[in-house]
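Report on the following structure.
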Amino acid sequence: MRWLVEVCLWVLGVDDLVTFGWHRELDQVSGNGQKGYEPTSTAAVPDYFDTTIGAFAGPTQTGDAPWLAQTNMAPFPGVSYIPNAPLETQIPISGNTHNRNIFQRLANLSPYFPNPRGFGVDEHPVPPGSNVSWLNMVHRHGSRYPEVSGAAPERILGKKIMDAKGRFKGHGPLSFLNDWKFMLGAEILVPIGKQELFNSGTLHYYQYGHLFSNNGSKIIARTTTQRRMLESAEYFLAGFFGLGWTQNATLELVIESKDFNNTMAGYKLCNHSSWDMSQDVVNKWINIYLVDAHSRIKSNISGDLDWTISDTYNAQSLCAYETVSLGFSHWCSLFTYEEWEGFEYSLDIGFTAGAGFQSPVGRAIGIGYVQEVLARMQHHVISDPSAQINTTLDNNTNTFPVNQSLNFDFSHDSNIISILVAFGLTQFNKFLPPTHILREREFVLSYLEPFAGRLDIEIIRAPAPITLNRSHLTNTNSDPDTNFYLPGPPTSYVHFLLNQRTIPLGRSLEECGQRDDGWCEFETFVEVQRRQVEIAQYEYACFGDYEHGEYGFVDDGRPKRGEEVARG
């Protein structure tokens, strides 16, 4: 609509929308609601539905345009794996005798790929006569440039190298450093990140297009105000509905900033954090697995460049970011396959300590979103302030619809990890020692939250109870009642899919039973999750007075109280 107004104004000779009165002034809204831009025109949409404002977008910077041929000196045929198109990077990795893909060992910095091994349960189709009737999706943004906030280690290393130009020289495998430039932008999506979300939207349409009524009504989708979050939602919706997605969906922007309630960035309104403890334990592991790599790199640098082991670690991150941003990175081939496994494990440790079950706020950060899912499942708004819930929005069916069959939300990696914790999925709670790689572990961040990772929560309606054990049955054209169904009334089930693979709910939530399809009966699931809300102890976890303890002291995503400490 706005483009039509702009064209008309251009024809009339009006230079801009401000002349026409289309400007906004900052307005403070009290209580649990939002600060926002109050439109001066009554024809304008509310600020939370206006994707053109740009407020609270966060820092942004576009990087240099890539020229792959400039850096990819040889195609390295036959020596390593080619990741997802359009990236055509090939990297010779020492010790990679089985042609394994290091770009699927980059933890939360991995370009999106479906979980290749699953979560310990077989995938079963929806039986004939049943159907998916409802979906709640929470989706991470796509591949991006490095952040500006926090330590921004990749940016720090890039500046360190650029500031020392002319005072050092790289040799052998480090000779590329003599001409290397830091070319990365900040925060916003890179090209493949846009493709990841468009592809996901297209895939979700093939999976769930039947849930869109297509009767002239629009669904509400939610994202945050950060630019990469906004664009991720837009690319997804374009993939799902097409370029005319605004005819089918309205995108709601929830402010992502300190002191604002937002379940898609729950850590913004929590006074406690365990990321410092997380970094300490990661540093311990870095000083074990990267010793050899650090020695190799230092031996190939002469002159005035004080190269630390932290620089060696940050060089691995640069491999990840340059690959998705520029298409190729010399940093990748400096490390052995075992060292890439060590890098992945460092981030596994970091996230389980910073946002997972080893964090005292792991449950609290995600519990507000769990409450929203339960409210949607039970078709009611949320009127009582709780956790990070913005009741100004969630107590209004215009901004929190309760009868949508399709619910699309967009969030961040650590926030989604905390959502998994808040749901009580304890199969991911195993302690990860910082002294060696625990091979048998469920918490593999590459599989849980790569760029564009997504959790799909389905409700499946069945005409009768579905048998707990379907492994010996086949989906044939015979009578479905004979194959799949037990005597009884219509029954609904909840099904969790993380990166296209089933999470077996019964493994973590005992009441769901040991179903071989991993589903959970709907009423049972809702009752179990009500208790998870209590277990999270949001107020105490985020605002209470307690000691965090060392890594490993917490193992249930919530702080230990006095009696628990006494029991050890």
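Counting from 1, the numbers follow the sequence of the chain as shown.
The aromatic ring centres of Phe443 and Phe357 sit 6.0 Å or more apart. Separation of the Phe525 and Tyr493 ring centroids does not fall under the 6.0 Å cut-off. Note: Phe343 and Phe335 fail the aromatic proximity criterion, with ring centroids not under 6.0 Å apart. A ring-centre distance under 6.0 Å is found for Trp275 and Phe351. Taking the six-membered ring wherever Trp is involved, the centroid distance between the rings of His98 and Tyr337 does not fall below 6.0 Å. Checked against a 6.0 Å centroid threshold, the rings of Phe410 and Phe236 count as neighbours.
Heavy atoms of other residues, nucleotides or ligands lying less than 6.0 angstrom from CG of Asn271 number more than 12.
Under 3.5 Å, the side chains of Tyr48 and Thr399 contain no donor-acceptor pair of N or O atoms. Looking only at atom types and distance, the side chain of Thr352 has a donor-acceptor partner in the side chain of Gln358 under 3.5 Å away. Counting only N and O atoms by type, the side chains of Tyr538 and Arg363 include no donor and acceptor under 3.5 Å apart. With no hydrogens or angles considered, no side-chain donor-acceptor pair links Tyr369 and Asn415 at under 3.5 Å.
With sequence neighbours excluded, the residues forming a side chain to side chain contact (heavy atoms under 4.5 Å, CB included) with Arg501 are Asn115, Phe119, Glu123, listed by chain and number.
Counting only distance, with no hydrogens or angles, the side chain of Tyr551 and the backbone of Val282 share no donor-acceptor pair below 3.5 Å. In this structure, Gln104 contributes its side chain and Ser446 its backbone to no donor-acceptor pair below 3.5 Å. With Asn469 contributing its side chain and Ser471 its backbone, the two residues share a donor-acceptor pair below 3.5 Å.
Using bins of under 30°, 30° to 60° and over 60° for the plane-to-plane angle, the ring pair His139/His204 lands in the tilted bin. By the 30° and 60° cut-offs, the orientation of the rings of His141 relative to Phe451 is tilted.
In this structure, Arg558 forms no cation-pi arrangement with Tyr540, as its terminal cationic atom is not both closer than 6.0 Å to the ring centre and no more than 45° off the ring axis.
With respect to Glu458, the side chain to side chain donor-acceptor pair (under 3.5 Å) criterion is satisfied by exactly one of Trp134, Tyr208, Trp519: Tyr208.
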